[in-house]
A.B. asks: 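Just dropping this structure here.
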Amino acid sequence: MINKFLLLLLSLGACLPYAAAVCIYNAVENAIWIYDYPENVPARPRHLMFFEQINDWGLIRYDASNDTYTVNANLWIGRNDGSDTYFQLGAPDHTHETLIMNGKLVIYPARITGENLPEYKPGINQLRLGLPDRPEISARLLFRNAPGKSHTLHTGAYYRGDRMTGTVSGSGRLHVHYGVIAPLEDAHPIRGNLYMYLSEVLLDHARLSRVTGTLAYGAQDGPYSKFAVNDTVFEYGGSVTSWGRQQMRGAVFQHLNTALGGANIPLNAHLTECRFMDNNANWELRPCGGLIELVDCEINPPRQKNRYPARADAGAPEAMA
């Protein structure tokens with residue numbers, strides 16, 4: 001036992017970025033939980049594989065022929081105790097790295113506030129695909145969704161003990177540079193939404209594809225959150241976003257049910273150099289109010305029609321035109 005323990009310590013010292021890095025398995029929630037990786041030495045899929053080999057969980061596989069990691073469990077990134085956790089997918093030494101999730105991927109809220117909840121010192125929990133200004137790095141985050149499964153990107157909740165609450169939290173970061181978030185198989189799209197209740201979402205030359213619900217659910221540009229979209233493709237889904245303040249440049253909306261709007265919460269969207277292509281409806285504005293400002297955009301006619309609030313008189317609202 002002593003020799004094995006010493007060997008484990010030597011292995012940890014040689015492979016981990018620093019002593020505090022942690023990766024554990026929560027059997028109750030079937031979740032691999034990785035945390036305390038700083039920005040200068042972020043967690044990477046190879047660290048997941050390292051802990052798999054040490055613990056023999058039987059949950060992570062690696063295919064060197066196509067640089068693909070498969071996680072057969074939920075994956076939690078970071079904690080909500082004020083610490084920082086950075087997770088990097090795709091790097092100069094792994095330009096086409098792929099992570100396949102056979103489970104939910106959670107960016108753990110870094111700070112929670114609210115009635116009857118403790119207050120935590122703000123921290124940063126970030127998932128990043130690719131790197132800025134490095135188009136040769138094209139990482140992919142794929143979700144396996146066979147019939148009956150609903151694996152997706154899940155944020156906006158936190159874990160107390162072993163259980164996830166439904167508490168919405170505006171913390172955590174998602175940055176996607178030249179990367180892809182999509183289902184593993186086109187025939188089995190991501191069911192529901194890609195949840196992005198985060199303090200910062202940056203989509204830069206990204207592609208979000210085949211989601212039955214909303215592709216950027218909860219993301220908005222406001223006083224407590226940032227949502228920046230540059231040259232990004234949103235395709236084959238229900239909608240991109242439905243409410244809140246939105247600013248996008250160079251976005252492509254294609255093969256969607258309703259690209260923008262549709263919620264009973266006001267939408268304020270400013271779009272520049274964007275394209276709407278082959279959607280059932282390019283937008284839907286509800287009586288609750290909303291504004292879509294388009295500058296130098298290409299707008300192809302929708303397959304059905306756009307929907308606006310209309311009143312037959314000053315009294316009762318009329319059905320959508």
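For reference, positions follow the sequence shown, starting with 1.
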A.B. asks: Residues sharing Y236's hydrophobic cluster, by side-chain heavy-atom contacts under 4.5 Å among ILVMFWY, directly or via others?
C.D. replies: none
A.B. asks: Show the nearest heavy-atom pair for residues T98 and L89, with the distance to one decimal.
C.D. replies: C-CD1, 4.3 Å
A.B. asks: Within the 4.5 Å heavy-atom criterion, are F87 and I107 side-chain neighbours or not?
C.D. replies: no
A.B. asks: Within this structure, what is the CG-CG distance for the pair N102 and L59, rounded to the nearest 0.5 Å?
C.D. replies: 10.0 Å
A.B. asks: Just list the side-chain donor-acceptor pairs under 3.5 Å for residues 174-186, sequence neighbours left out, or say none.
C.D. replies:
unit_1 : atom_1 : unit_2 : atom_2 : d
H175   : NE2    : E200   : OE2    : 2.6
H177   : ND1    : D204   : OD2    : 3.0
D186   : OD1    : R210   : NE     : 3.2

A.B. asks: Taking only residues two or more places apart in sequence or in another chain, which ones pass salt bridge (charged side-chain N to carboxylate O under 4.0 Å, His left out) with R245?
C.D. replies: D221
A.B. asks: Does E136 CD have over 12 foreign heavy atoms under 6.0 Å away?
C.D. replies: yes
A.B. asks: Does D93 have more than 12 heavy atoms from other residues, nucleotides or ligands lying within 6.0 Å of its CG?
C.D. replies: yes
A.B. asks: What is the minimum heavy-atom distance between A216 and F227, and which atoms define it?
C.D. replies: CB-CZ, 3.9 Å
A.B. asks: Donor-acceptor check, side chain of N193 to backbone of Y195, threshold 3.5 angstrom: yes or no?
C.D. replies: no
A.B. asks: My understanding is that only residues two or more places apart in sequence, or in another chain, count here; which of them pass salt bridge (charged side-chain N to carboxylate O under 4.0 Å, His left out) with R303?
C.D. replies: D278
A.B. asks: Identify all side-chain donor-acceptor contacts of residues 247-254 below 3.5 Å with residues at least two apart in sequence or on another chain.
C.D. replies:
unit_1 : atom_1 : unit_2 : atom_2 : d
Q254   : NE2    : E235   : OE1    : 2.8

A.B. asks: Would a line drawn from the ring center of W243 to the ring center of Y217 be shorter than 6.0 Å?
C.D. replies: yes
A.B. asks: Applying side-chain hydrogen bond (donor to acceptor under 3.5 Å, both in side chains), name anything that partners Q88, two or more places apart in sequence or on another chain.
C.D. replies: R128
